[in-house]
Amino acid sequence: MVDEREPASGDPHRRGRRTAEELLPADELVQLLDADGVRHEHPRYTAEVGDDALRELYRWMNVVRAVDRESIHLQRQGQLGVYASGLGQEAAQVGSASALADADWVFPSYRELGVGMVRGVDPVRLLHLNRGTWLADHDPHEHGFAPPSIPIGTQALHAVGFALGALFDGAPIVAVTYLGDGATSEGDTHEALTFAGVMGAPVVFFVQNNQYAISVPVEEQTAAPTLAHKGVGYGIPAVRVDGNDVLGTYAVTREAVDRARAGEGPTLIEAVTYRREAHTTSDDADRYRPREEVEAAEARDPILRMARYLRANDLLDDAAEREVQDAAARLAGEVRARLYDAPHGDPRELFSHVYVDPTGHFEEQAALLERELGERGQAPR
Amino acid sequence: MSTSAPPTSEVSTLTLREAHRQGLRNALLRDERVFLLGEDIGAYGGCFAVTMGLLGEFGHERIRDTPLSEVAIAGAAIGAAMNGMRPIAELMTCNFSLLALDQIVNNAATMLHMSGGQFNVPVVFRTTAGGGRQLAAQHSHSFEPTFAHVPGIRVLAVATHEDARGVLQPALDDPDPVVLFEYPRIMTLEAECPDEPAVVDLTSAAIRRPGNDVTLVTYGVTLYTVLQAAKILEEEGVDAEVIDLRSLRPLDDATVLASVARTHRAVVVEEAWRTLGVGAEVASRITEEAFYELDAPVARIGCAEVPLPYAKQLEDAAIPQAAQIVAAAHRVLHHG
């Protein structure tokens, strides 16, 4: 039921407000594909995905995992400085990203390799960030994929502002921001949800609850019943989905994006998943969580369940599986070849991207550096 | 009935508040991508009444009252700018702008760098600084130096009617984030203004009073105290040059250095705290670049290094006053 009260200010962007009952998320996770690969019907969410698209979701999850694994190897060999793995989160990333339109925009954190790849971003370009070569090497405009936000939660506000721009333009563009469970404690996230709710901005807040913010478990992150329940406080409908279920994440994201596009405002999605690697390659997860917990998460593996489902429905056989694995390995190998010993930047790039329109003193620094490099015998490239 | 043409006026008297408002209005008229967001800027007309009347003319979409969150105002402005809009974000006072510091310093100022040059953030942040109105320590501080410390943004102190009207257009045209400081203490100050606003250079200092005996360097609201001091000095037969830095990042030290090369004496005045302030930077550059031009050490005056007090007598005692500036000018004039 929509609140009939007329907004006092007459602001055209104040959409109908929802009642508390409407906003309370269901206790049960949305799950269309269980850990055994059995498909379930849901009264509201249906993933209307054809056979080819099902195979495509499966292929993407495998490819993302292979590149993720390769990235860890590259870090171990000193080729990447640090890497934040998304192992175990492939369904959440691939499922949600597959539900977006080309014109939509993603405002990611630093763990969204899978989302980026589905958006068509060359993983090597994203991994240059991890190599310390340069920060964002991909073209954000081409892929609707903003530079990954390193501070926690700040990108949520950019998504809201971006969505406001879309409202101004009357453009059917949805901004989707990816957050972790830890980010839901940040002020920026709170304030982004507040703004989006009040303004009815076409934003989807996609929270991957991977159970840990570095070492702090989600139980210590919030006293809320679930992260989805936080939506009530902002007047934003929220849904909890099994984040290891690629069809479930696809379906809930698709609905949220469609609603946003239709002018029905923001949605908060909590995708419940598990980060099976450490926070980044810089920490040892054994110090803060038991191995058994990780093993239990492996049994809920998103790729395994999809394979079971596809095989049970004659959509995947050994030959097709081999093809998928070969393609994944090929891409991982290509990533390795292109990143390994890739040249580092010219020190002269130091001043390249601070101002679009640099001023006198700023340029003097560049001239000084040039002189110093000359004295050290480093000729311009 | 008279058939004579309506009187054509080439000059009108404006308060500084009206000058700011004209600047905003012109910007809104010129480009439909320009919109304002901030707290109480709509029906209320802004905490310092600068946006009064704009809601009626431009509507809720473009004069957008927001929930009470400085960080969200700044962050949403950044996001909107990334989508091609030209937002003007109002942060009621620079004390409150500290809540948005993460978005301004960690995000707006770094976006171009972090995106390898692919995303610039053409946002204009407007905020206010300075005391003198008994608003106490959490509404009156001067954080211009805090922002001017940060590469990736431009910082301007808007103290005159000409700048108030003219600064927004180049600030909006600038592809990088711009932080504008405005000054509540002088909002009711009146001046004759030509109907056609002047174009303001975002990078240069302005000589507000030419002189040959001593250079008085300042910015923001203190400009008027310094001009008052210059007048007192003039009565004493001292010809002071008054430089309004106006742009704090980049800092136009060429104008300062050229002046010091003529006067050989400098007093730097600001309402921000002295330690590590803009004045410290100016004094340091004079020492680095014009040491042998100096006939006396550079004198510096800033706010007393205390939270800006509430009580009038205490507040006045904390803020630079004309007599202090005159005394400092005497010191550098009679040095040795």
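Only a predicted model underlies this, so the values are computations on that prediction, with no experimental measurement involved. Labels below follow one simple rule: chain letters A, B, ... track the order of the sequence lines, proteins then strands, and each chain is numbered from 1.
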Structural part of [X] lying under 4.5 Å from a heavy atom of chain B:
X	answer
A:H190	neither
A:S352	neither
A:A196	neither

Please give me the minimum heavy-atom distance between [X] and [Y], naming the atom from each residue.
X	Y	value
A:M199	B:T66	CE-CG2, 4.0 Å
B:Q118	A:D139	OE1-CA, 3.2 Å
B:L112	A:V356	CD2-N, 3.5 Å

Seminar exercise, completed: From the list A:D188, A:D169, A:T194, the residue making the most non-hydrogen contacts under 4.5 Å with chain B is A:D188
Exercise. Can you find a heavy atom in the side chain of B:N120 that is under 4.5 Å from one in the side chain of A:H353?
Worked result: no
For this session: Compare all side-chain heavy atoms of B:E32 with those of A:F168 and state whether any distance is below 4.5 angstrom.
Result: no
Problem set entry | Side-chain donor or acceptor of B:D176 paired with backbone N/O of A:D357 under 3.5 Å | yes
Exercise. Does any N or O in the side chain of A:Y355 come within less than 3.5 Å of the main-chain N or O of B:I153, such that one atom is a donor and the other an acceptor?
Worked result: yes
For this session: Assess whether side-chain contact (heavy atoms from CB on, under 4.5 Å) is satisfied between A:L167 and B:E61, documenting all intermediate values.
Result: CA-CA 9 Å; A:L167 277 182; B:E61 273 214 331; 5.6 Å; no
For this session: Go through the atoms of B:D174 and report whether side chain, backbone, both or neither lie under 4.5 Å from a heavy atom of chain A.
Result: side chain
For this session: Below 4.5 Å from any heavy atom of chain A, which atoms of B:V121 appear? Answer side chain, backbone, both or neither.
Result: neither
Problem set entry | side-chain hydrogen bond (donor to acceptor under 3.5 Å, both in side chains) partners for A:T189, two or more places apart | none
For this session: Count the heavy atoms belonging to other residues, nucleotides or ligands that lie under 6.0 Å from CD of A:E372, then report whether that count exceeds 12.
Result: yes
Exercise. Using non-hydrogen atoms and a limit below 4.5 Å, what part of residues 91-111 of chain B faces chain A?
Worked result: B:D102, B:Q103, B:N107, B:M111
Problem set entry | Nearest-0.5 Å distance that lies between atom CE in B:M114 and atom CD1 in A:I150 | 5.0 Å
For this session: Would you give the length of the straight line joining atom NE2 of A:H158 to atom CZ of B:F119, rounded to the nearest 0.5 angstrom?
Result: 10.5 Å
Under 3.5 Å donor-acceptor pairs involving side-chain atoms of residues 49-57 of chain B, not counting sequence neighbours:
unit_1, atom_1, unit_2, atom_2, d
B:T51, OG1, B:I41, O, 2.8
B:T51, OG1, B:G45, O, 3.0
B:T51, OG1, B:G46, N, 3.3
B:E57, OE1, B:R25, NE, 2.8
B:E57, OE2, B:R25, NE, 3.0
B:E57, OE2, B:R25, NH2, 2.9

Exercise. Can you tell which of B:R62, B:R249, B:R154 has the highest number of heavy-atom pairs within less than 4.5 Å of chain A?
Worked result: B:R154
Please output the side-chain donor-acceptor pairs of residues 69-88 of chain B that fall under 3.5 Å, not counting sequence neighbours, one pair per line with the distance.
unit_1, atom_1, unit_2, atom_2, d
B:S69, OG, A:E191, OE1, 2.1
B:S69, OG, B:A72, N, 3.0
B:N83, ND2, A:F162, O, 2.8

